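Chain letters run A, B, ... following the sequence lines, proteins first, then strands; residues in each count from 1. Predicted model, so just to flag it, every value in this text is computed and none were measured.
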2 protein chains.
Amino acid sequence: MKRRATIREVAAYAGVSPSTVSRVLNGHSEKHMRPQTKQRVLEAIEQLNYTPVKAAQTLRRVGTRTLGVVIPDITNLYFALLVRGIESAAFERGFTTLICDSNHQKEREGRYLDMLLSEDVEGVLLAPVSLPDEARILRFAEHGVRIVATDRQIPGLPAVEVDNRRASHELAEYILSLGYRQVAYVAGPEGVSTGRDRLAGFREALRSNGVGFAALRYGDFTFDSGHRCAMDILDEQAAEVIVAANDMMAFGVLRAAEERGRSVPRDLGVAGFDHVPHVPYATFMHPELTTVEVPIHQLGRAAATLLLDGEGKGAQVKATLIRGGTCRDLKRSGG
Amino acid sequence: MKRRATIREVAAYAGVSPSTVSRVLNGHSEKHMRPQTKQRVLEAIEQLNYTPVKAAQTLRRVGTRTLGVVIPDITNLYFALLVRGIESAAFERGFTTLICDSNHQKEREGRYLDMLLSEDVEGVLLAPVSLPDEARILRFAEHGVRIVATDRQIPGLPAVEVDNRRASHELAEYILSLGYRQVAYVAGPEGVSTGRDRLAGFREALRSNGVGFAALRYGDFTFDSGHRCAMDILDEQAAEVIVAANDMMAFGVLRAAEERGRSVPRDLGVAGFDHVPHVPYATFMHPELTTVEVPIHQLGRAAATLLLDGEGKGAQVKATLIRGGTCRDLKRSGG
DNA sequence: GTGAAAGCGCTAACAC
DNA sequence: GTGTTAGCGCTTTCAC
């Protein structure tokens, strides 16, 4: 293992000064430079196997060409696909992506945010665990580092997200169109806009049809919370259908239905939201879940694009209703 | 947007010298430092909202305190959990982790490896797509950057992996103990050690029991390849049980069984390898897959630990047989 | 066209 | 215990 060559050594080898080597390195050579000088430098670089030390460059230059991504759960396929989308857009622009998995822990999220600041990232895509830490967010602004709220809103920040409200409204209308009237809802946490918006859109649609919630419970987007809320509902209320604010919780609902001996969709309708391609597991789910498809990869790309190119206030990507088999279909079964 | 505070400003604010601030920052304060001095520095840091510039630290220190991880597929829960394990061990040691998702593409893997080199990572954990590029690997060695083969071997490099051979042997013995004799196997790709070792262990066990493969096909660890191989086998050979080299392919086998009207485990036994907690999807799989549990998070931690602390030649973590319901059980059903 | 010199922000000897 | 000093490797005026 040999020590790495420095720009000085390259300069000495080529018989020029460090500044000349630097000029070649940074393409300032096109303007005014003897071709043979440039040639000698290039040869020296080749010979000495020289690679510039990035830390030294960043220290002098502006901009690290690095971007941070903070998500709550990398083991959730939803966020893995989001990261893929972000990464592909960033990679195209020559940016390195720092992926931080807060593992649903607020404190870890904070630590990562601090780390990103000290890494001098040029921008951050943040899908916060819950209500974001105002002071921390402010510090990024103070340092001129843009943060784009991704997949969920953060007050005062540009956001790229799904049009949750509209899509949820549409889902509700669909549920009602199937003849369901005793509608129970398992909402997401109140601190996360995704949860709030889905609930709001759903409630709107019910209200304008003169229907109220047969039951309303708040979960936290996990399988367990969906299961728990559904058990409550099934034991205490009369519900014809239970709609969850995401698929994870909807799976929990299905589980509860099974445990309570309610056949889906015959005795109980179930619906979710997200429609992550749960392949190949979904292969074994009969029937397929009624849900709303979120173009998550596209959302990731849009977020990265906004952060790196845009000056915009945010964007929304369109979600699509999936008429699965976990809700009765009047056309098919006569409900 | 105000300029970022430097260590000098913090020092001035606290009425101490930059070195004192540096000492506090790097935990050299425990030894000999007045508590009140430390306190003043801490307050100054707080007040000025100070964060050290990483590039400057890196430049002065020996290493970048950064480590690279290259995996084939972040959307695969198996690797997501691996990353979690790696990350947690690295984080504890103050290391930043650069996660690179090659998306099963050899060329992308190469690009990422080059990038990691120019980022001056102190070490790399590599789960290669297939046979690794010798020349590229060599360059890391020349720069004194250690690479640890993670989850799969790379010739000449230390590896942290599952004791695939032993576990696969054990699985085969279990299968035979259930009375199965027409045993078909869907192997992993020949270029990946994980696949080779699982096949070798399985074959050994069969051989020492005087049994040969009723059929042997090679897949590439994907759902589709498992499905394809199983279709072949079911159409052409008499098989009582089909064992796949990982769960993903085993799911493909189950799918094929369903399509060919073979009831599992009554008409056909099926087994896999990995046992990623497919929660909540697994909730809806009846019966649960017979497989081998791989402590993947632990494997990630072990790999990072070896890379950062160890001088060792590698390590193996122990996998555990899971007696699921996709193989007939003589004790229960009388096979 | 090219070189000399001045730091970027930080850490680690070495003083005292 | 704490301060002073000397760079880490590079880019960038500013001379010539």
Side-chain angles (χ1 to χ4, degrees), chain A residues 2-42 44-45 48-65 115 117-121 143-144, chain B residues 2-42 44-45 48-66 94 96 117-120 122 143-144:
Chain A
K2 38 197 173 188
R3 222 189 78 278
R4 220 164 134 157
T6 73
I7 202 172
R8 276 199 155 71
E9 290 162 355
V10 174
Y13 190 98
V16 297
S17 76
S19 10
T20 301
V21 177
S22 176
R23 282 182 192 110
V24 173
L25 247 41
N26 297 287
H28 300 313
S29 50
E30 313 313 326
K31 310 180 178 184
H32 326 282
M33 182 170 293
R34 273 213 210 75
Q36 55 155 303
T37 308
K38 182 177 173 181
Q39 192 49 41
R40 281 218 310 284
V41 172
L42 255 21
I45 289 176
L48 301 179
N49 220 334
Y50 170 74
T51 333
V53 169
K54 202 149 178 228
Q57 293 184 313
T58 27
L59 195 55
R60 291 270 13 194
R61 281 208 267 241
V62 278
T64 52
R65 306 233 104 206
M115 186 198 87
L117 205 51
S118 100
E119 290 273 356
D120 278 304
V121 294
H143 290 301
Chain B
K2 42 194 172 191
R3 223 188 76 275
R4 212 162 138 160
T6 73
I7 202 172
R8 277 200 155 68
E9 290 162 354
V10 174
Y13 190 99
V16 298
S17 77
S19 17
T20 302
V21 178
S22 175
R23 282 183 193 109
V24 174
L25 248 41
N26 296 286
H28 300 312
S29 50
E30 313 313 325
K31 311 179 177 186
H32 326 282
M33 183 169 292
R34 273 213 211 74
Q36 55 153 303
T37 308
K38 183 177 172 181
Q39 192 50 41
R40 280 219 311 284
V41 171
L42 255 19
I45 288 174
L48 301 180
N49 231 328
Y50 170 75
T51 332
V53 169
K54 189 109 187 272
Q57 293 184 313
T58 304
L59 197 54
R60 266 301 7 205
R61 284 210 267 243
V62 275
T64 51
R65 308 231 109 206
T66 301
T96 301
L117 204 51
S118 96
E119 290 275 351
D120 280 302
E122 293 191 48
H143 287 289

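Closest to the side chain of A/Leu25, out of C/dT2, C/dT11, D/dT11, is D/dT11. Ranking C/dT11, C/dC14, D/dT13 by closeness to the A/Arg23 side chain, first place goes to D/dT13. The side chain of A/Val16 has C/dG3 as its nearest neighbour among C/dG3, D/dC10, D/dG9. Checked against C/dT11, D/dC10, C/dT2, the side chain of B/Ser22 finds its nearest nucleotide in C/dT11. Residue B/Asn26 places its side chain closer to C/dT11 than to any other of D/dG9, D/dT2, C/dT11.
Close to D/dT11, at under 4.0 Å from its OP1 or OP2, lies a side-chain N or O of A/Gln57. Contact between the side-chain N/O atoms of B/Thr20 and the OP1/OP2 oxygens of D/dG1 is not found at any separation under 4.0 Å. Using a 4.0 Å cut-off, some side-chain N or O of A/Thr37 falls inside it from OP1 or OP2 of C/dT2.
The separation between B/Gln39 atom CD and D/dT2 atom P is 13 Å, rounded to whole Å. Here the C1' atom of nucleotide D/dT2 and the CE atom of B/Met33 are 8 Å apart, to the nearest Å. Straight-line distance from the CZ atom of B/Arg65 to the C1' atom of C/dC10: 15 Å, rounded to whole Å. Protein atom CG of B/Leu59 is 13 Å distant from nucleotide atom P of C/dC8, rounded to whole Å. Note: NZ (A/Lys54) to P (C/dG9) measures 19 Å, nearest angstrom. Atom CD1 in B/Ile7 sits about 14 Å away from atom C1' in D/dT4, given to the nearest Å. Put simply, CD on B/Gln36 is 11 Å from C1' on D/dG1, counting in whole angstrom units. Atom CG of B/Asp120 is separated from atom P of D/dC10 by 10 Å (rounded to the nearest Å).
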Quick one, B/Leu25 with B/Ile45, criterion side chain to side chain contact (heavy atoms under 4.5 Å, CB included). Give me CA distance, side-chain angles, the key distance, then yes/no. CA-CA 10 Å; B/Leu25 248 41; B/Ile45 288 174; 3.6 Å; yes
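The rotation axes computed at either terminus of the helix from C/dG1-D/dC16 to C/dC16-D/dG1 lie 40° apart, taking five pairs at each end and rounding to 10 degrees.
Closest approach of A/Tyr13 and A/Ala44 over heavy atoms only: CD2-CB, 3.5 Å. Here the closest heavy-atom approach between residue B/Arg40 and residue B/Gly15 is recorded as NH2-O, 3.9 Å.
Partners of B/Thr51 by side chain to side chain contact (heavy atoms under 4.5 Å, CB included), not counting sequence neighbours, listed by chain and number: A/Leu117, A/Ser118, A/Arg139, B/Arg4. For A/Glu119, the side chain to side chain contact (heavy atoms under 4.5 Å, CB included) partners two or more places apart in sequence, or in a different chain, are A/Leu98, A/Met115, A/Val121, B/Lys54, B/Thr96. Judged as a side chain to side chain contact (heavy atoms under 4.5 Å, CB included), and not counting sequence neighbours, the contacts of B/Thr37 are B/Val16, B/Thr20, B/Met33, B/Arg34. When the side chain to side chain contact (heavy atoms under 4.5 Å, CB included) test is applied to A/Ser22, the partners found at least two apart in sequence or on another chain are A/Ile7, A/Asn26.
Using a 4.5 Å heavy-atom cutoff, the side chains of B/Thr58 and A/Leu59 are not in contact. In this structure the side chain of A/Ser19 reaches within 4.5 angstrom of the side chain of A/Arg23, judged on heavy atoms.
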Short heteroatom pairs, N/O only, protein and nucleotides 5-7 of chain D, under 3.5 Å:
from: D/dG7; atom 1: N2; to: B/Arg60; atom 2: NE; distance (Å): 3.0
from: D/dG7; atom 1: N2; to: B/Arg60; atom 2: NH1; distance (Å): 2.8
from: D/dG7; atom 1: N3; to: B/Arg60; atom 2: NH1; distance (Å): 3.1

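Listed for the A/Thr64 side chain is a donor-acceptor partner under 3.5 Å among the backbone atoms of A/Asp120.
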